[in-house]
Peer 1: 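Shown below is the structure under consideration.
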Protein chains: 2
Amino acid sequence: MTSIISPDGTFSTETGATDRLLTPGEVARIFGVDPKTVNRWALTGKVPSIRTPSRQRRYLESEVRALLRGPGAFGA
Amino acid sequence: MTSIISPDGTFSTETGATDRLLTPGEVARIFGVDPKTVNRWALTGKVPSIRTPSRQRRYLESEVRALLRGPGAFGA
DNA sequence: AGGAAATCGGGTAATTAGGGTT
DNA sequence: GTTGTCCTAATTACCCGATTTC
């Protein structure tokens with residue numbers, strides 16, 4: 001899976017699908033947790049993350065949504 | 001029922017109403033029960049839940065409100 | 001260029017999951 | 001069948017100041 005960064009900040013794949021980059025705060029609101037918790041997920045390898053040149057983290061929307069749909073994400 | 005994740009992290013329904021996520025403790029206080037009881041409601045399928053990558057549960061406020069309005073809102 | 005908001009780090013207190021039990 | 005409590009380990013939330021982003 002190769003991704004290309006466009007000037008508008010989106011990610012493009014070979015399929016043409018665009019992938020938005022989410023901030024820690026956005027991911028945090030999705031899961032109802034603190035932004036710090038999202039960073040901890042990145043540190044423990046639960047979520048892949050991209051770092052800005054200033055060490056801030058960004059997350060691929062597709063990865064986040066995959067976690068939401070992950071095994072056991074809904075239901076019990 | 002289809003939920004859509006907005007850029008701000010909220011869940012939207014077709015009605016346009018946004019949904020925020022509640023912690024087990026918040027749901028427990030709403031119903032005046034122990035958080036463990038809320039946990040069991042999720043396990044028995046009485047209320048749908050979202051799981052964090054670390055297996056903790058979050059609850060859609062709209063689902064919780066629906067339960068408050070009367071039994072039988074889900075399933076039976 | 002100035003200000004408000006967000007995101008780093010660390011450190012510590014509070015919450016949660018899960019099992020077994022009452 | 002349902003709920004509340006006890007226990008431990010794991011996870012998360014809130015505190016601070018400094019840095020980055022918009």
Peer 1: If you pin A/Arg55 and A/Arg40 to their nearest nucleotides in DNA chain C, which one's is more 5'?
Peer 2: A/Arg55
Peer 1: Which nucleotide sits closest to the side chain of B/Thr37: C/dG9, D/dT3, C/dG18?
Peer 2: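 Minimum distance to the B/Thr37 side chain belongs to D/dT3.
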Peer 1: Considering non-hydrogen atoms only, spot the tightest contact between B/Arg20 and B/Leu22 and give its length.
Peer 2: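 Answer, listing the atom of B/Arg20 first, then B/Leu22: NH2-CD2, 3.5 Å.
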Peer 1: From A/Thr37 OG1 over to A/Lys46 NZ, what is the distance, rounded to the nearest 0.5 angstrom?
Peer 2: 11.0 Å
Peer 1: Please compare B/Thr52 and B/Pro35 by the position of their nearest nucleotide in DNA chain D and report the one closer to 5'.
Peer 2: B/Pro35
Peer 1: Starting from P on C/dT7, measure out to CG on A/Asp34 and report it in whole angstrom.
Peer 2: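 Between P of C/dT7 and CG of A/Asp34: 10 Å.
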Peer 1: Angle between the two end axes of the helix from C/dG3-D/dC22 to C/dG19-D/dC6, five base pairs per end, rounded to 10 degrees?
Peer 2: 60°
Peer 1: Does one hydrophobic cluster hold both A/Val47 and A/Leu43, with members joined at side-chain heavy-atom distances below 4.5 Å?
Peer 2: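 A/Val47 does not cluster with A/Leu43.
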Peer 1: Considering only side-chain heavy atoms of B/Arg57, which listed nucleotide, C/dG18, D/dA13, C/dG9, is closest?
Peer 2: C/dG18
Peer 1: Ignoring the backbone of A/Pro24, work out which of C/dT16, C/dC8, D/dC14 is nearest its side chain.
Peer 2: C/dC8
Peer 1: Provide the full list of side-chain hydrogen bond (donor to acceptor under 3.5 Å, both in side chains) pairs with a residue in residues 48-57 of chain A, sequence neighbours left out, each pair given once.
Peer 2: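 For residues 48-57 of chain A, and leaving out neighbouring residues, the side-chain hydrogen bond (donor to acceptor under 3.5 Å, both in side chains) pairs sorted by first residue read A/Gln56-A/Arg58.
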Peer 1: Check the distance between D/dT20's C1' and A/Arg51's CZ and give it to me in whole angstrom.
Peer 2: 13 Å
Peer 1: To the nearest Å, how far apart are B/Tyr59 OH and C/dA17 C1'?
Peer 2: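 Answer to the nearest Å: 10 Å.
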Peer 1: For nucleotides 15-19 of chain D, which of its nitrogen or oxygen atoms have a protein nitrogen or oxygen under 3.5 Å away, and what is each distance?
Peer 2:
unit_1: D/dC15; atom_1: N4; unit_2: A/Lys36; atom_2: NZ; d: 3.3

Peer 1: Would you say D/dT12 has OP1 or OP2 under 4.0 Å from some side-chain N or O of A/Trp41?
Peer 2: yes
Peer 1: With a 4.0 Å cut-off on heavy atoms, is B/Asn39 in touch with a base, just the backbone sugar-phosphate, or nothing at all?
Peer 2: sugar-phosphate
Peer 1: Donor-acceptor pair, distance only, cut-off 3.5 Å: does the side chain of B/Asp19 make one with the backbone of B/Ser62?
Peer 2: yes
Peer 1: Between A/Ile30 and B/Leu21, what is the shortest heavy-atom contact and its length?
Peer 2: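 Nearest heavy atoms, A/Ile30 then B/Leu21: O-CD1, 2.8 Å.
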Peer 1: Send over the distance from B/Glu26 CD to C/dT15 P, rounded to a whole Å.
Peer 2: 11 Å
Peer 1: Drop me the distance from B/Arg65's CZ to B/Leu68's CG, to the nearest 0.5 angstrom.
Peer 2: 8.5 Å
Peer 1: Want to settle it: does B/Arg29 or A/Leu43 sit nearer the 5' end of DNA chain C, counting the closest nucleotide to each?
Peer 2: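 Comparing both residues, the 5'-ward one is A/Leu43.
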Peer 1: Quickly work out the A/Lys46 NZ to D/dA10 P distance and round it to whole Å.
Peer 2: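 Taking NZ of A/Lys46 and P of D/dA10, I get 11 Å after rounding.
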Peer 1: Quick one: is A/Ser54 getting a side-chain N or O under 4.0 Å of the D/dT21 phosphate, OP1 or OP2?
Peer 2: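 True: A/Ser54 side-chain N/O within range (under 4.0 Å) of D/dT21 OP1/OP2.
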Peer 1: What heavy-atom pair brings A/Phe31 and A/Val64 nearest, and what distance separates the two atoms?
Peer 2: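 Heavy-atom minimum between the residues: CE1-CG1, 3.8 Å.
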Peer 1: For the CG atom of B/Leu67 and the OH atom of B/Tyr59, what is their distance to the nearest 0.5 Å?
Peer 2: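 Taking CG in B/Leu67 and OH in B/Tyr59, the distance rounds to 11.0 Å.
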Peer 1: Round to the nearest Å and state the distance from B/Arg58 atom CZ to D/dT11 atom P.
Peer 2: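 It is 13 Å, rounded to the nearest whole Å.
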